[in-house]
Amino acid sequence: MNSDNVLKKEFSKNDVQRARNLISGNTSARTTEGIGYSKKHEHRVEGDVWEENGRTWTIKNGLKQNITKMDKFKKMSKLPLFCPECNKLMKKHLDTKVFPAYQKCFDCVVDYEAQLKKEGKDQEYFDGLHNQNIDKVIKEYKAFMEDTLNESNQGFVTEAGDVENWRGGQNKEELLKNLQEGLEYLENLKI
């Protein structure tokens with residue numbers, strides 16, 4: 001036998017133990033001891049809620065899940081299989097558009113509005129919906145104008161990375177005047 005073909009590396013005790021573990025089918029067995037940081041493990045069960053690293057967590061269906069601010073909205077907008085009011089199957093395409101706003105199917109909304117019309121309360125109901133929509137527009141308009149007033153006129157960074165300095169500026173008094181005129185116009189749209 002040629003001495004060049006002889007394995008020149010010596011196997012360590014860990015290498016031999018790992019090979020034994022693989023042959024015996026015990027693939028998850030450890031061959032070394034870990035040293036250093038070990039995290040404190042807490043056993044959690046279904047429904048537990050805890051805070052870790054600035055986030056709130058829970059266990060749902062056996063899985064660790066992050067609880068966010070949007071969970072309530074997601075639950076509200078998810079279309080159920082049956083209408084909560086009439087227990088009929090929600091299958092119409094209109095149900096998907098009506099449910100997030102009214103929390104019932106399209107047929108229940110139509111029946112509710114027909115009942116209001118019989119009682120003579122329909123105009124009051126529709127006026128309330130109209131005013132709610134205008135209030136939402138006013139809120140968005142105020143946020144837009146606030147952002148516009150807080151814009152900086154110092155300069156602009158182009159796509160090429162160059163900084164352009166602009167001259168002139170916003171006339172904040174005129175912007176505030178326009179804001180007030182816009183708010184008055186929107187308020188006058190209310191019924």
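When a residue number appears, it is its place in the shown sequence, counting from 1. Basis for what follows: all heavy atoms, side chains included, without hydrogens, waters or symmetry-related copies.
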Smallest separation among heavy atoms of [X] and [Y], with atom names:
{"X": "V98", "Y": "F106", "value": "CG2-CD1, 3.6 Å"}
{"X": "F11", "Y": "V16", "value": "CB-CG2, 4.1 Å"}
{"X": "L22", "Y": "T27", "value": "CD2-CG2, 4.0 Å"}
{"X": "K104", "Y": "C108", "value": "CD-CB, 3.9 Å"}
{"X": "I138", "Y": "L183", "value": "CG2-CD2, 3.8 Å"}
{"X": "Y141", "Y": "G182", "value": "OH-CA, 3.7 Å"}

Problem set entry | Residues K142 and E140 bridged, charged N to O under 4.0 Å |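 Here K142 does not pair with E140 in a salt bridge, since their nearest N and O are not under 4.0 Å apart.
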Exercise. Do N188 and E184 meet the criterion of a side-chain donor-acceptor pair at a distance under 3.5 Å?
Worked result: no
Counting distance only, does the side-chain N/O of [X] pair as donor-acceptor with the main-chain N or O of [Y] below 3.5 Å?
{"X": "D71", "Y": "T68", "result": "yes"}
{"X": "R18", "Y": "R30", "result": "no"}
{"X": "E46", "Y": "G62", "result": "yes"}
{"X": "D48", "Y": "V45", "result": "yes"}
{"X": "T58", "Y": "V49", "result": "no"}
{"X": "E85", "Y": "C105", "result": "no"}

Do [X] and [Y] sit in the same hydrophobic cluster, where Ile, Leu, Val, Met, Phe, Trp and Tyr count as joined when their side-chain heavy atoms come under 4.5 Å apart?
{"X": "Y102", "Y": "L79", "answer": "no"}
{"X": "L179", "Y": "V137", "answer": "yes"}
{"X": "M145", "Y": "L186", "answer": "yes"}

To the nearest 0.5 Å, how far apart are [atom1] in [X] and [atom2] in [Y]?
{"X": "T56", "Y": "I67", "atom1": "OG1", "atom2": "CD1", "answer": "6.0 Å"}
{"X": "E124", "Y": "L116", "atom1": "CD", "atom2": "CG", "answer": "9.0 Å"}
{"X": "L175", "Y": "E146", "atom1": "CG", "atom2": "CD", "answer": "13.0 Å"}
{"X": "I191", "Y": "H130", "atom1": "CD1", "atom2": "NE2", "answer": "4.0 Å"}
{"X": "T96", "Y": "K91", "atom1": "OG1", "atom2": "NZ", "answer": "14.0 Å"}
{"X": "K92", "Y": "L89", "atom1": "NZ", "atom2": "CG", "answer": "10.0 Å"}

Check whether any side-chain heavy atom of [X] lies under 4.5 Å from a side-chain heavy atom of [Y], and answer yes or no.
{"X": "K64", "Y": "E52", "answer": "yes"}
{"X": "K88", "Y": "F82", "answer": "no"}
{"X": "M90", "Y": "L81", "answer": "no"}

Exercise. Can you name the residues that form a salt bridge (charged side-chain N to carboxylate O under 4.0 Å, His left out) with R20, not counting sequence neighbours?
Worked result: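 In terms of salt bridge (charged side-chain N to carboxylate O under 4.0 Å, His left out), with neighbours along the sequence ignored, R20 is linked to no residue.
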Problem set entry | Pairing residues for E187 by the salt bridge (charged side-chain N to carboxylate O under 4.0 Å, His left out) criterion, not counting sequence neighbours | K190
Problem set entry | Check: Y125 ring centre within less than 6.0 Å of Y112 ring centre |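 Yes, ring centres under 6.0 Å apart.
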Problem set entry | Those residues that, when tested against F126, pass ring-ring contact (aromatic ring centres under 6.0 Å, His included) (two or more places apart) | none
For this session: Check E119, E113, K118, K117 against Q115 for a side chain to side chain donor-acceptor pair (under 3.5 Å) and give me the one that passes.
Result: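 Per the side chain to side chain donor-acceptor pair (under 3.5 Å) rule, the option paired with Q115 is E119, out of E119, E113, K118, K117.
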Problem set entry | K177 atom NZ, neighbour heavy-atom count above 12 within 6.0 Å |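 For K177, atom NZ is not crowded (no more than 12 foreign heavy atoms under 6.0 Å).
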